[in-house]
Amino acid sequence: MTSLNGERTLTQTNKNPVLITTHASVTQTPKWEQRDQLSQKNGRHATVYMINNDKYLGEWLNNKKHGNGTYIYFKSKSVYEGQWQNDMRNGFGTFSVQASSQSTAKADDLTTNQDDPLSQLQRKINAIRAKKLQEKDQDFTISSIKKKSKAGSAHSNDAFVSDPLKLKKIYAGGWKDDKKHGMGTYFFDDGSFYEGNWECDMREGWGKMFYTDGSVYEGEWHQEKRHGEGALLLANGDRYEGVWMEDKKEGPGRFIYKSKRQMYEGEWSKGLPKCGKIVDLKPFPGTQPRKYPIPPIKLRDPAGIIVEQRELIIEERIATVIPKSTIIQLN
């Protein structure tokens, strides 16, 4: 006979009924499934060796690197230490390379007077600042990573130690899907460094660049180039404030000559001043005015000439930026 709950019972004379459990009533997890669950990487895990000899020590979620962890790239001898999400670098992290290795990171090259005392002083200041930033939370070796791994896991198995490897920090900041993204600092091989925003592995948005010649640029960036509003302070004290396009001065801007106490203000094109005016600045307190000031303009309509030339420059710029086919369609 069958009971109300679907289980079969066997009735015997003068004996209690015997309960026979069907296969559908078994709720215990099969052993093969239990072993499979144990093999899944979740939470903090011992060192994992990749087939390409890379190593990872950190947290996992559903067999993917997720959380805090350290990854050593065997071929490039580089190390990433930071946050992971969905098996990719996401969040804040530090990327370092072997101190003796040569990478291809280069900064923009500016030509200034290398022998100028102010230039030498500014170069030293930038170099000291870059060194301090690199040494901050950076002074570690592979053997010190081993100590960290032992403190966090009892199963490190000396995975992160072969020969002590001195590292040099290249980038510290935000990451998104294995690419530099958000605020971060990048150190170039020539000693220059960039502090600012990143997007898809490129300098994008607002940022500050410290060059080895002592110059400093602060402003907008687009796809690794100075683009938009920005100010460039040269090591000798000269300063440009204005618009940039494709890494060159382009558009309205002014250039201040510190030693001459003069200022040019007007239109720029392809990095050169094209249309504007130069004026004498007021002398510093306690100093004598210029012996030979700029003479007054004798033209009948100087403002009109500047407006006319500026319109021509703007038309030329628009023709360069926007293809002619696009202009015809707009018309």
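Below, all heavy atoms of this structure are taken into account, side chains as well, without hydrogens, waters or symmetry copies.
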Legend entry - Lys/Arg cation over aromatic Y217: K208, 6.0 Å, 45° cone: no

Inset, instruction - Please tell me if the side chains of R239 and Y257 come closer than 4.5 Å, counting only heavy atoms from C-beta onward. - result: no

Legend entry - Charged N-O contact under 4.0 Å between E246 and K270: no

Legend entry - Side chain to side chain, Y56 and I72, heavy atoms closer than 4.5 Å: no

Inset, instruction - Would you mind checking if D238 and K258 are paired as a salt bridge, meaning a charged N to carboxylate O distance below 4.0 Å? - result: no

Legend entry - Salt-bridge contact R310-E308 (side-chain N to carboxylate O under 4.0 Å): no

Inset, instruction - Check E195, R203, R226 against M209 for a side-chain contact (heavy atoms from CB on, under 4.5 Å) and give me the one that passes. - result: R203

Inset, instruction - Measure up the Y186 and W198 rings against each other and bin them: parallel (under 30°), tilted (30 to 60°), perpendicular (over 60°). - result: tilted

Inset, instruction - Verify the cluster assignment for W84 and V48: are they in a single hydrophobic cluster under the rule of side-chain heavy atoms below 4.5 Å apart? - result: yes

Legend entry - Exam field: side chain Y49 to backbone N52, donor-acceptor pair closer than 3.5 Å: no

Inset, instruction - Would you confirm whether Q262, through its side chain, and V279, through its main-chain N or O, come within 3.5 Å as a donor-acceptor pair? - result: no

Inset, instruction - Mark yes or no for whether Q83, through its side chain, and F92, through its backbone, hold a donor-acceptor pair below 3.5 Å. - result: yes

Inset, instruction - Carefully, step by step, assess W244 and K249 under the rule side-chain contact (heavy atoms from CB on, under 4.5 Å). - result: CA-CA 5 Å; W244 298 74; K249 306 177 188 71; 4.0 Å; yes

Inset, instruction - May I ask you to establish whether R261 and F284 are in a cation-pi arrangement, using a distance under 6.0 Å from NZ or CZ to the six-membered ring centre and at most 45° from the ring axis? - result: yes

Legend entry - K77 NZ/CZ over F74 ring centroid, <6.0 Å and within 45° of normal: yes

Inset, instruction - Could you tell me whether the side chain of H45 reaches within less than 4.5 Å of the side chain of W60, counting heavy atoms only? - result: yes

Inset, instruction - From the options Y71, Y73, W175, select the one residue that forms a ring pair (Phe, Tyr, Trp, His ring centres under 6.0 Å) with Y80. - result: W175

Inset, instruction - Find the distance between NZ (K75) and CG (N53) and round it off to the nearest 0.5 Å. - result: 12.0 Å

Legend entry - Any donor-acceptor N or O pair under 3.5 Å, side chains E204, H222: yes

Legend entry - K176 versus N90, side-chain donor and acceptor atoms under 3.5 Å: no

Inset, instruction - Would you check if K274 and Q309 make a side-chain contact, meaning some heavy-atom pair closer than 4.5 Å? - result: no

Inset, instruction - Please tell me if the side chains of F188 and Y194 come closer than 4.5 Å, counting only heavy atoms from C-beta onward. - result: yes

Legend entry - Heavy atoms from other residues, nucleotides or ligands near NZ of K41 exceed 12 (cutoff 6.0 Å): yes

Inset, instruction - State, with a plain yes or no, whether a side-chain heavy atom of E267 is found less than 4.5 Å away from one of R317. - result: yes

